[in-house]
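Here is the structure we will look at.
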Amino acid sequence: MPSPAEIDAITQGDLIATGATRWAGDADVIGAFVAEMDFGIAPPITERLHFEVDRGAFGYLPAHLATELHGATAGFLQRRTGWTVDPAHIHEMPDVISVFQAVIGNFLRPDSKIIVPTPAYMPFLEVPELMGREILEVEMLVEDSGDSGVHYSYDLAAIEAAFDAGGELLVLCNPHNPTGRVFTREEMEPLVELVDRKGGRVFSDEIWLPLVLEGEHIPYASLSETAAGHTITAVAASKAFNLPGLKCAQLVTSNDADREQWERVGHFPMHGAANLGLAATAAAYTQAEDWLDDIVGYLRRNRETLVELVASLLPKARLTTMEGTYVAWLDLRVYGIEGSLHDHLLERARVECTEGTACGSAWSGHVRLIYAMPRPLLIEAITRIVRVLEPGRADG
């Protein structure tokens with residue numbers, strides 16, 4: 001397993017050499033915009049990939065590989081969350097966005113609208129429109145909780161109003177990208193009641209579930225039979241084990257009606273999942289949990305570093321609680337930067353983050369920052385931002 005010292009020793013040159021998206025721009029730019037990690041790959045995964053490549057596993061997906069994935073996913077969900085899922089109810093997909101598209105295209109009324117609480121993962125605000133669906137953005141509630149950071153929560157009254165305005169599908173993300181929230185049972189149970197009362201559906205993106213830094217992950221569909229009856233869940237190894245390019249996620253059905261519908265429509269949506277992705281994911285879920293636990297420990301360390309740096313060097317900024325994921329959401333409105341914060345920080349600090357308005361129209365003056373990088377690079381990234389926003393503090 002990687003030690004903190006080994007990860008700290010990874011240089012920006014090392015990362016550029018990997019060809020990773022975050023480091024494929026100018027050599028002096030610190031990439032904090034794409035949700036990837038810089039910590040390498042767990043050895044059991046690379047060993048499995050070498051085995052599959054050596055035997056030439058490049059044909060159409062064999063049934064035994066799908067069966068292996070389904071069983072591995074069910075076991076992982078049981079161990080990490082306590083959710084018991086029949087492997088027969090788990091289905092391979094290329095990625096979580098493919099699951100989202102499948103839900104919109106096959107489980108909703110043709111004229112229904114998509115309810116997206118914001119700030120949100122950027123494609124959730126792009127895909128529905130590309131599919132001819134209207135998006136209803138619902139701003140999350142924001143509460144300053146002092147030393148523990150800014151606390152985001154779902155606005156039930158606004159979500160209810162969105163259902164009344166023609167919304168049918170609520171996009172739930174837990175752990176939440178980009179605020180880092182890990183929602184509690186007490187927060188989600190009223191949401192179950194609301195969705196059920198409105199006759200709605202939930203697409204539950206739980207891709208980040210292995211990366212809980214504080215609290216526990218409770219799958220939405222596991223809350224009750226009522227929740228299971230209106231939910232399709234998406235999970236994947238891509239975030240926790242850094243495998244997004246291998247094109248494998250899992251769609252989980254949790255009621256008989258959805259299972260029957262998926263039997264009719266699921267063949268072609270599943271067809272894009274890649275053999276190597278299934279094999280790597282099965283290895284991740286069954287052989288790499290020790291590696292994952294070490295990485296979660298490192299992320300906790302980075303989170304603490306980030307909190308300390310922001311508190312001491314960017315005292316006017318507001319930072320989210322970051323209970324899970326490796327995404328930070330920074331409110332920098334107080335600094336009065338006009339125009340694009342992304343462009344401002346990229347040009348002047350040589351740090352690339354995600355523009356807040358890409359996560360929802362209401363979030364000007366915010367940025368999404370990925371902190372799954374070697375700690376020295378994280379410190380350098382924040383120091384550069386401080387030099388731009390708080391001249392004198394970084395070197396004082």
Side-chain angles (χ1 to χ4, degrees), residues 70 73-91 96 99-100 102-104 107-108 114-117 120-121 124 138 140-141 151-160 162-163 167-177 179-236 239-240 249-262 285 321 323-325:
H70 303 159
T73 304
F76 188 77
L77 290 172
Q78 176 64 50
R79 289 190 303 277
R80 304 301 286 202
T81 73
W83 187 22
T84 300
V85 179
D86 187 331
H89 303 157
I90 297 169
H91 311 278
V96 167
V99 181
F100 187 38
V103 172
I104 293 172
F107 291 90
L108 305 181
I114 312 301
I115 304 169
V116 183
Y121 174 49
F124 292 156
V138 177
M140 297 178 76
L141 298 174
H151 185 87
Y152 282 68
S153 60
Y154 288 118
D155 186 336
L156 295 180
I159 290 173
E160 181 168 12
F163 276 117
E168 183 180 5
L169 181 71
L170 173 67
V171 177
L172 178 77
C173 183
N174 183 37
H176 189 262
N177 174 14
T179 71
R181 281 298 321 283
V182 175
F183 296 107
T184 65
R185 180 180 300 275
E186 290 72 24
E187 288 178 287
M188 291 189 290
E189 284 179 340
L191 201 56
V192 173
E193 186 278 330
L194 171 59
V195 175
D196 180 61
R197 178 160 47 86
K198 295 298 180 180
R201 298 299 312 262
V202 167
F203 164 71
S204 188
D205 169 17
E206 306 191 22
I207 192 173
W208 297 92
L209 75 87
L211 297 176
V212 172
L213 310 180
E214 181 181 326
E216 65 172 329
H217 177 78
I218 302 171
Y220 178 86
S222 74
L223 288 167
S224 65
E225 287 298 321
T226 300
H230 60 230
T231 304
I232 290 179
T233 303
V235 297
K239 296 305 178 189
Q250 298 85 57
L251 179 153
V252 183
T253 54
S254 49
N255 61 77
D256 289 340
D258 287 350
R259 290 173 196 130
E260 292 174 6
Q261 174 69 348
W262 195 246
Y285 285 161
T321 49
E323 298 158 341
T325 80

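Here the closest non-hydrogen pair linking Leu156 and Leu194 is O-CD2, 3.6 Å. Across every non-hydrogen atom of Asp258 and Thr231, the tightest pair is OD2-O, 3.8 Å. Closest approach of Tyr285 and Ala236 over heavy atoms only: OH-C, 3.1 Å. In terms of heavy atoms, Phe107 sits closest to Glu168 at O-OE2, 4.2 Å. Of all heavy-atom pairs spanning Ala74 and Val85, the tightest one is CB-O, 3.4 Å. When all heavy atoms are compared, the tightest approach of Ile232 to Val99 is CG2-CG1, 4.4 Å.
At least one side-chain heavy atom of Ile104 sits under 4.5 Å from a side-chain heavy atom of Leu169. Taking 4.5 Å as the limit, some side-chain heavy atom of Leu170 sits within range of a side-chain heavy atom of Phe163. Looking only at side-chain heavy atoms (C-beta outward), Pro175 and Leu211 stay at 4.5 Å or farther from each other. For the pair Trp208 and Val235, the minimum side-chain heavy-atom distance is 4.5 Å or more. By the 4.5 Å heavy-atom criterion applied to side chains, Val192 and Ser224 are counted as neighbours.
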- prompt: Run the side-chain contact (heavy atoms from CB on, under 4.5 Å) check on Thr233 and Trp83 step by step: do they pass?
  reply: CA-CA 12 Å; Thr233 303; Trp83 187 22; 3.8 Å; yes
task: Output, in order, the C-alpha distance, side-chain angles, deciding distance and verdict of side-chain contact (heavy atoms from CB on, under 4.5 Å) for Thr184 and Ile218.
output: CA-CA 7 Å; Thr184 65; Ile218 302 171; 5.9 Å; no
message: For a side-chain contact (heavy atoms from CB on, under 4.5 Å) check, start with the C-alpha distance between Phe100 and Val171, then their side-chain angles and the critical distance, and finish with the verdict.
response: CA-CA 9 Å; Phe100 187 38; Val171 177; 3.7 Å; yes
query: Going through the distances and angles, do Phe203 and Leu172 end up as a side-chain contact (heavy atoms from CB on, under 4.5 Å)?
result: CA-CA 6 Å; Phe203 164 71; Leu172 178 77; over 6 Å; no
task: Would you sort out whether His230 and Tyr220 count as a ring-ring contact (aromatic ring centres under 6.0 Å, His included), showing the intermediate values?
output: CA-CA 10 Å; His230 60 230; Tyr220 178 86; 5.7 Å; yes
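Using a cut-off of 4.0 Å between Lys/Arg side-chain N and Asp/Glu carboxylate O, Arg197 and Glu160 are scored as salt-bridged. By the 4.0 Å N-to-carboxylate-O rule, Arg201 lies too far from Asp196 to be salt-bridged with it.
Just one residue in the list Met140, Arg181, Met188, Glu187 forms a side-chain contact (heavy atoms from CB on, under 4.5 Å) with Tyr154, and that residue is Met140.
In terms of modelled atom types and a separation under 3.5 Å, the side chain of Thr81 and the main chain of Gln78 share no donor-acceptor contact. When atom types are taken as modelled, the side chain of Asp205 and the backbone of Ile207 share a donor-acceptor pair closer than 3.5 angstrom. A distance-only check finds a donor-acceptor pair linking the side chain of Asn174 to the backbone of Phe183 [under 3.5 Å]. Using modelled atom types, one side-chain atom of Glu323 and one backbone atom of Val182 make a donor-acceptor pair closer than 3.5 Å. Using a distance-only test at 3.5 Å, with no hydrogens or angles considered, a donor-acceptor pair links the side chain of Arg79 to the main chain of Gly75. Remark: side-chain polar atoms of Ser254 are paired, donor with acceptor, to backbone N or O of Ala228 under 3.5 angstrom.
The line from CG of Leu213 to OG1 of Thr325 is 7.0 Å long, rounded to the nearest 0.5 Å. To the nearest 0.5 angstrom, His151 atom NE2 is 9.0 Å from Leu141 atom CG. We find the OG-CG distance between Ser204 and Leu223 to be 9.0 Å, quoted to the nearest 0.5 Å.
For the 3.5 Å distance criterion, the side chains of Arg259 and His89 qualify, holding a donor opposite an acceptor. Using modelled atom types and a 3.5 Å distance limit, the side chains of His176 and Thr179 yield a donor-acceptor pair. At a cut-off of 3.5 Å, with distance as the only test, a side-chain donor of His217 or Glu206 sits close to an acceptor on the other residue.
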